[in-house]
Amino acid sequence: MSEEKSLNFLEEIVQEDLSTGKYQKIHTRFPPEPNGYLHIGHAKSICLNFGLADSYGGKTNLRFDDTNPVTEETEYVDSIKADVRWLGFEWDGEHYASDYFEKIYGFAVELIQKGLAYVDDSSAEEIAAGKGTPTVPGENSKFRNRSKEENLNLFEEMRAGKYRDGEKVLRAKIDMASPNMHMRDPIMYRIKHANHHRTGSTWCIYPMYDFAHGQSDSIENITHSICTLEFEVHRPLYNWYIEQLGIFPSHQYEFARLNMNYTVMSKRKLLQLVQEKYVDGWDDPRMPSLSGMRRRGYTAAAIRNFCDRIGVQRRENIIDIGLLEFCVREDLNKISDRRMAVLDPLKMVITNYPADTTEHLDSENNPEAENNGGIRKLPFSKELWIEREDFMEVPAKKWFRLAPGAMVRLKNAYIVKCDSFTKDGEGNITEIQCTYIPESRSGHDTSGINVKGTIHWVSVPTAVPAEVRLYDRLFKVEDPSAEGNFKDFINPESLEIVQKAWIEPSLANAKPGEHFQFIRKGYFTADEKLSVPGKPIFNRTVTLKDAWAKEIKKG
Ligand code: ATP
Ligand code: MG
């Protein structure tokens, strides 16, 4: 632990527990339910759980909280493991709550034997009605006083498959008048005749979250069981089960979940986007899933840094997605080689440059890296592609780019002056003609001419075509879940595909997942699924500057 950084409240608790000798070693766990892919919110929990263990010489388990057979799949288990590893963490034990089904069943039998659990034949509606409200106490179920023998017998029959879904449940016998609704005889087991992704048809009764989570923590000797704030009200129940069973005293601590604007983070909603084809799968680069972010080009280091910056709080707040993008830019700036790519091409002909000649100009790969990231040779010739938006027929005030009579520097090459341009029958500009200043070559400029604008370009004969995908925020509004249907707020312009951009030849063999800064255009990453060397497809990871911040300022 670095001394300067102040501790978050969980680090304080852990330090206290270690210094008082309450524990010799801490043991945390990350407990995803395998019913979807991990998202950026989970990254916060992963960084927290693994980070605490790393800082204090402890261990972290990966535990799949797979107690609901209906929504869980092996595909999700595999993606979760891949995502945790990609984020840079390796777990100690890999566990499944379903591996504990027999043990948890035994715990339930123990509670029945202690007179602390009973089988209830009431319907779901009757149970809900009997619960009362926060201000009105609940009523005891008429099945509450069954004998231990009868309960043991019925529970065994439930397990044996004698009853249909919903016909009976097992409930803890606590206090129907408790001010905490979760303590009003909570359900421990329900009947579900469904195939489970690991246990198949072995079981037709499944423990509820509250009667599986703490028990699993305890079985694994978890010292600090960290979860999000909405589970604070479950903590008395978590403790009650552990105390009544006399098992390892794991402790639950709660922190504020990550909320971020312009996105949704519930797996249920993300699944709808996938199933209803608003996006192209869980790893669509617009998704807040870790696999989507990776595909878009976000780095694990940037996400870890983001989680570190937002910190750990006890109160809910909303983080601006701009902070995440800032962290991504910051990391990509350090690690990305600079390249030239023209997304909306306009041809420039340099009339005084010899035809059939190609010069290879030295260009540094990355001014932010050591030794400038090395040098590459950039071909230059008489015909170039430039960005259409870098030419204005009638220049605006303070226009420092190309216009009739204006001069600019071509990045890493020469100063050129625009002499004329050509239009087609419909008035579209099809070509501009320039002359170059031979003495103005970058690094060897003796021309004495100063120009204010520098633009990027790609030499026509060696240019390689590429598909480039430009992504924007998936939602138009800050909080898509605030009211109405979140899907009504999807940004229809969240994906723009540039079918044929021109890229410099060194980009042709970009490796899937490789990051670049396209000069003046942003950070781009070769798509890890679709891009192949020789036929590259790039995803815009993030623009160079925050276009939204500007929009907001403009009002
Ligand atoms: P969702 O509502 O998206 O389904 P969940 O909480 O049900 O999320 P789990 O798979 O149960 O998802 O979560 C695994 C762990 O990740 C839990 O400990 C949970 O508290 C944590 N987690 C989930 N979402 C967030 C979030 N937005 N911020 C921080 N931690 C989160
Ligand atoms: Mg959950």
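Two residues are said to be in side-chain contact when any heavy atoms from C-beta on lie closer than 4.5 Å; Ser218 and Gln215 fail this criterion. Inter-residue side-chain proximity for Trp282 and Leu270 is flagged as met; some heavy-atom pair is nearer than 4.5 Å. Between Ile104 and Tyr189 the shortest side-chain heavy-atom distance falls below 4.5 Å. Two residues are said to be in side-chain contact when any heavy atoms from C-beta on lie closer than 4.5 Å; His515 and Leu332 meet this criterion. In this structure, the side chains of Gln517 and Leu544 come closer than 4.5 Å at one or more pairs of heavy atoms. In this structure, Ile191 and Val169 have side chains that are not in contact, with every pair of non-hydrogen atoms separated by 4.5 Å or more. Two residues are said to be in side-chain contact when any heavy atoms from C-beta on lie closer than 4.5 Å; Leu52 and Glu11 meet this criterion. The shortest distance between side-chain heavy atoms of Pro512 and Lys529 does not fall below 4.5 Å.
For Glu276, the CD atom sits in a packed shell: over 12 heavy atoms of surrounding residues, nucleotides or ligands are nearer than 6.0 Å. A 6.0 Å sphere centred on CD of Glu12 holds more than 12 heavy atoms belonging to other residues, nucleotides or ligands. Within 6.0 Å of the NZ atom in Lys411, the count of heavy atoms belonging to other residues, nucleotides or ligands does not exceed 12. Residue-environment remark: CD (Glu483) stays at or below the threshold of 12 foreign heavy atoms within 6.0 Å. For NZ of Lys59, the number of neighbouring non-hydrogen atoms (other residues, nucleotides, ligands) closer than 6.0 Å is 12 at most. Around atom NZ of Lys487, more than 12 heavy atoms belonging to other residues, nucleotides or ligands sit under 6.0 Å away. Atom NZ of Lys114 sits in a crowded spot, with more than 12 heavy atoms from other residues, nucleotides or ligands closer than 6.0 Å. More than 12 heavy atoms of other residues, nucleotides or ligands shown are found within 6.0 angstrom of NZ on Lys22.
Ring pair Tyr209/Phe231: centre-to-centre distance below 6.0 Å. For Tyr238 and His234, the distance between ring centers is not under 6.0 angstrom. No close placement of the Tyr241 and Phe107 rings is indicated, their centers lying 6.0 Å or farther apart. For Phe538 and Phe524, the ring centers are positioned 6.0 Å apart or more. Within the 6.0 Å centre-distance limit, the rings of Tyr23 and His224 are counted as a close aromatic pair. Aromatic rings from Phe64 and Tyr96 are positioned such that their centres are separated by under 6.0 Å.
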- Item | Derivation of the side-chain hydrogen bond (donor to acceptor under 3.5 Å, both in side chains) call for Ser98 and Asp66 | CA-CA 6 Å; Ser98 57; Asp66 57 350; 2.7 Å; yes

- Begin with the C-alpha distance, continue with both residues' side-chain angles, and end with the deciding distance and a verdict on ring-ring contact (aromatic ring centres under 6.0 Å, His included) for Tyr523 and Phe518. CA-CA 6 Å; Tyr523 293 98; Phe518 290 180; 9.8 Å; no

- Query: So Asn259 and Glu316, side-chain hydrogen bond (donor to acceptor under 3.5 Å, both in side chains) or not? Walk me through it.
  - Reply: CA-CA 8 Å; Asn259 301 304; Glu316 296 269 348; 2.7 Å; yes

- Item | Chi angles and distances behind the side-chain contact (heavy atoms from CB on, under 4.5 Å) call for Val464, Leu507 | CA-CA 8 Å; Val464 175; Leu507 279 173; over 6 Å; no

- Start with the C-alpha distance between Leu343 and Leu470, add both sets of side-chain angles, then the distance that settles side-chain contact (heavy atoms from CB on, under 4.5 Å), and finish with yes or no. CA-CA 10 Å; Leu343 305 190; Leu470 305 176; 4.1 Å; yes

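In this structure, CG on Leu87 lies 10.5 Å from CE on Met293, to the nearest 0.5 angstrom. To the nearest 0.5 Å, the span separating CE on Met188 from CZ on Phe211 amounts to 3.5 Å. Here the straight-line distance linking atom SG of Cys307 with atom CZ of Phe50 works out to 13.0 Å at 0.5 Å rounding. In this structure, CD1 on Ile537 lies 5.0 Å from CG on Leu530, to the nearest 0.5 angstrom. Between atom OH of residue Tyr56 and atom OG1 of residue Thr223 there is a gap of 12.5 Å, rounded to the nearest 0.5 Å. Between the CZ atom in Arg540 and the OG1 atom in Thr525 there is a gap of 12.0 Å [rounded to 0.5 Å].
Residue Thr67 comes nearest to Ala97 through the heavy atom pair CG2-CB, 4.0 Å, listed as atom of the first residue, atom of the second, then distance. Nearest heavy-atom pair, Ile503 versus Ala341, reported as atom, atom and distance to 0.1 Å: CG2-CB, 3.8 Å. The two atoms that bring Lys44 and Ile310 nearest to each other are CD-CD1, 4.0 Å, heavy atoms only. In this structure, Thr60 and Arg29 approach most closely via the heavy-atom pair CG2-CA, 4.0 Å. What you find for Ile80 and Gly36 is that their closest heavy atoms are CD1-O, 3.9 Å. When every heavy atom of Thr28 is checked against every heavy atom of Ile222, the shortest pair comes out as O-CD1, 3.6 Å.
At least one test fails for Lys476 against the ring of Phe489: distance under 6.0 Å to the centre or angle within 45° of the axis. In this structure, Arg286 is not positioned above the aromatic face of Tyr471 in the sense of NZ or CZ being under 6.0 Å from the six-membered ring centre and within 45° of the axis. Seen from the ring of Phe9, Arg314 counts as a face-on cation partner, given the 6.0 Å and 45° thresholds. Annotation: cation-pi geometry not satisfied between Arg63 and Phe30 (NZ/CZ under 6.0 angstrom from ring centroid, within 45° of ring axis).
Aromatic ring orientation, Tyr105 versus Trp203: tilted (interplanar angle from 30° to 60°).
The only member of Gln252, Glu254, His182 that meets side-chain hydrogen bond (donor to acceptor under 3.5 Å, both in side chains) when paired with Arg235 is Glu254. Exactly one of Ile321, Thr263, Asn261 qualifies for a side chain to side chain contact (heavy atoms under 4.5 Å, CB included) with Arg473. That residue is Ile321.
Glu94 and Lys81 are joined by a salt bridge, as a carboxylate oxygen and a charged side-chain nitrogen come within less than 4.0 angstrom of each other. Using a cutoff of 4.0 Å between basic side-chain nitrogens and carboxylate oxygens, Asp83 and Arg85 are not scored as salt-bridged.
Side chains of Ser494 and Asp472: no donor on one and acceptor on the other come within 3.5 Å. Between the side chains of Asn539 and Arg469, no donor-acceptor pair is found at a separation under 3.5 Å. Side-chain contact of Lys377 with Ser363: a donor-acceptor pair under 3.5 Å is absent, judged by distance alone. At a cut-off of 3.5 Å, with distance as the only test, a side-chain donor of Glu220 or Tyr100 sits close to an acceptor on the other residue. Asp331 and Thr299 share a donor-acceptor pair across their side chains, judged by distance under 3.5 Å alone. Lys192 and Asn68 form a side-chain donor-acceptor contact under 3.5 Å, judged by distance and modelled atom types alone.
Judged purely by atom type and a 3.5 angstrom limit, Asn333 has no side-chain atom pairing as donor or acceptor with the backbone of Arg329.
Within the structure, every pair that satisfies the side-chain hydrogen bond (donor to acceptor under 3.5 Å, both in side chains) test and touches residues 300-313, not counting sequence neighbours, is listed here: Lys5-Asp308, Asn305-Arg309, Arg309-Glu330.
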